Each structure stands twice: as C-alpha cells, then as structure tokens.
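Structure record follows, encoded as structure tokens.
Just so it is clear, the structure is predicted and the values come from calculations on it, not from any experiment.
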Amino acid sequence: MVATNALSCSSRRGLLAASKPHVSVLKNGCRLALLPGRITQLRAAADESVQQDAASQIAQNAQELAQSFELAQKSASRRLQRRRQQLTYQASAIAATSGVGALAILATYYKFVYHMGSSTDAAFPWADMCGTLALVFGGAVGMEMWARWAHKALWHDFAPGWALHKSHHETRIGPFEANDVYAIINAVPAIALCLYGFLTPTMTGSLCFGAGLGITLFGIAYMFVHDGLVHKRFPTGPIAELPYMKRVTVAHKLHHAEKYKGVPWGLFLGPQVSLPERYLIGNLL
C-alpha cells in the first residue's frame, strides 16, 4: 500500500516535470505572439513623441520668428521716424541758413555800396570794412566764450535756464526740442546789432554790424557742428572724419556723459577747463 502511494507520487512528479517544458514553450510562444503588437505600440509612441517634439519645435520657431519680425518692424519704424525727423530738421536748418546767409550778404553789400551814395568820387570806406571784418571774427570768438559761460551758469546752474536746456539731455521726441529756443534768443542781439549797424553809416555802426555778423556766423556753425555733427540731427557728410571735428565731437559727448561735473562747457575751442579738471580728463580728448 505504501509502495503504491509512493509510486503514485512519483508518477505525478514525473508528469509535472514532463509538463514544465510545455508550459515554458507556451509562455514563450505567447510572448512571441504579443511581440509584434508591442513593437507596434512602441513605434506609435515613438512617432507620437517625435511628432510632439517636432510640433513643439515648430511652435517655438514660429514664436521666435514672430518676435524677430516684430522687432524688425519696430526697428524699421524707429529708423523711418528718425529719418523723417532728420529731414525735417535738415530742411529747417537749410532754410534758416540760406535765408540768414542771403540776408547777411545783401546787407553787407548795401552797407558798403549803398551808403557811399550815388557819387562815383566817394572813397570806399576801407576803415569801416576792416572794422567790420575784425568784429566778425571777434563776435564769433566772443560767442564761443559767452556760450561757454552761459552753458554752465545759465543753462545748467540756473533753474529757469535748465528748465529749457534739460530737454537737450533727455531723449528727444520729434525733430525739435525746447532747448532750440536758445537759438532764437541768441538771434535777437545779432539782428539788433546788424540792423543798427546797417542803418548807421559810421565806424560805430560798422563795428556793430560786424559783431552781429559774427554772432550770426557762430550760430550757423554751432547748428551745423553741434546739432548735425555731434548729435546727428541731420547728416553732415565727410566733414565728420576731420580730426578736429572728431575732437570736438568727443569733447561734447564727454560733457553729456557728466563724468567730470559737466566739463567741457565750450564747443569749438575744445576742453576749456581748469588745470585740475584737465588733469582729470587726461588724454580722453
């Protein structure tokens, strides 16, 4: 009986042992059968991931392209606006210079020809002419000295003067700025001197006429160099490459940088500063 039971257990074990390879084969077969579907799922997931990455990259590129296009439009708009402002100021500068220049030439001609009278025996007023020419030079140089003093004392340190001049140290909106009023203010004594000198056929009149012309020439040169060359309010051409003009430009830009308490205050004569200030500036100019 015991032997029979042992035999029965051995038989069962044998059957189980014999059935294991078949179960393993069955499992492997199922796995192999499922493998193509799994591969298909993985491929689909990979394709979806690639599509998502591609879509994300395309969206990012489109956004960057839109931003670049927007920036390009803004930049082009600013350049166009700046060009229009330059042309507006340039037209005003040319008109003012042409008008004032023509008026000065005609006034000078009639000052020394018309005042001689109709008599052909009248001597040409050479003394008056020399006095006028001397005051033309003196008026121009004197205006540089006046501008140097007024720039600091009246336009920076004096509150009402700074109220107008500060527009020149801020970002300009439009072709003109409040600081341009000083050009009109400085034109008043020039017109008064020229008018008095033109109507007065004496040496005093000639001297006043020359001083008025000197102030006028200084104003024209100041507008060309300061507004055009330094601040690019209108194109000035190849004159900007001259060494002296480069020096004037650097000096005035140093004034706007306000690194040395605003110096230099002058324009045409370069860094008109005291010795300690000149030592501070060093070789920057």
Side-chain angles (χ1 to χ4, degrees), residues 89-90 92-115 125 127-158 160-162 164-165 167-168 176-231 233-234 236 239 244-245 248 251-252 255 264-270 272:
Y89 191 83
Q90 185 179 23
S92 302
I94 292 175
T97 302
S98 300
V100 172
L103 187 61
I105 293 173
L106 288 175
T108 303
Y109 174 79
Y110 282 104
K111 165 69 178 174
F112 294 104
V113 176
Y114 178 75
H115 283 172
D128 290 6
M129 173 68 79
C130 292
T132 298
L133 293 177
L135 263 293
V136 168
F137 177 78
V141 176
M143 276 301 296
E144 170 68 12
M145 298 304 170
W146 158 257
R148 174 193 172 189
W149 176 82
H151 192 178
K152 182 180 187 302
L154 299 181
W155 304 345
H156 278 260
D157 297 343
F158 186 51
W162 174 248
L164 292 174
H165 186 63
S167 64
H168 183 57
F176 302 101
E177 56 191 35
N179 185 69
D180 295 335
V181 173
Y182 285 118
I184 301 175
I185 294 175
N186 290 329
V188 172
I191 295 173
L193 288 169
C194 285
L195 182 60
Y196 175 80
F198 180 79
L199 298 176
T200 306
T202 62
M203 177 59 76
T204 302
S206 298
L207 295 177
C208 291
F209 187 77
L213 287 180
I215 296 173
T216 302
L217 292 176
F218 175 86
I220 294 174
Y222 192 93
M223 177 181 61
F224 183 82
V225 175
H226 176 265
D227 296 347
L229 181 64
V230 178
H231 293 292
R233 296 180 69 175
F234 58 86
T236 56
I239 194 174
Y244 169 73
M245 293 301 179
V248 169
H252 193 69
H255 161 71
W265 301 102
L267 181 68
F268 290 103
L269 299 183
Q272 303 169 13

Spatial distance of atom CZ (Phe268) from atom CD (Glu144) [nearest 0.5 Å]: 6.5 Å

Note, Met129 side chain near Lys111 side chain (heavy atom, < 4.5 Å): no

Interatomic spacing from SG in Cys130 to CG in Leu135 - rounded to 0.5 Å: 12.0 Å

Parallel, tilted or perpendicular, as decided by the 30° and 60° cut-offs, for the rings of His151 and His165: perpendicular

With a cut-off of 3.5 Å and sequence neighbours excluded, list every side-chain donor-acceptor pair involving residues 202-209.
| residue | atom | partner | partner atom | Å |
| --- | --- | --- | --- | --- |
| Thr202 | OG1 | Gly205 | N | 3.3 |
| Ser206 | OG | Asp128 | OD2 | 3.4 |
| Ser206 | OG | Thr202 | O | 3.1 |

Gap between atom OG1 of Thr216 and atom CG of Leu103 - 0.5 Å precision: 9.0 Å

Among Trp162, Trp146, Trp155, the one residue meeting ring-ring contact (aromatic ring centres under 6.0 Å, His included) with Tyr182: Trp155

N/O donor-acceptor pair under 3.5 Å between Lys152 side chain and Asp157 backbone: no

Test item: Phe224 and Ile239 side chains (from C-beta on) under 4.5 Å apart, heavy atoms: yes

Pairwise distance CZ(Phe176) to OG(Ser167) - rounded to 0.5 angstrom: 13.0 Å

Side chain to side chain contact (heavy atoms under 4.5 Å, CB included) partners of Ala147, counting only residues at least two apart: Phe218

Aromatic ring pairing His226/Tyr222, orientation class (parallel under 30°, perpendicular over 60°, tilted between): parallel

Contacts of type side-chain hydrogen bond (donor to acceptor under 3.5 Å, both in side chains), residue Tyr89, not counting sequence neighbours: Asp227

Any side-chain heavy-atom pair of Met143 and Arg148 under 4.5 Å: no

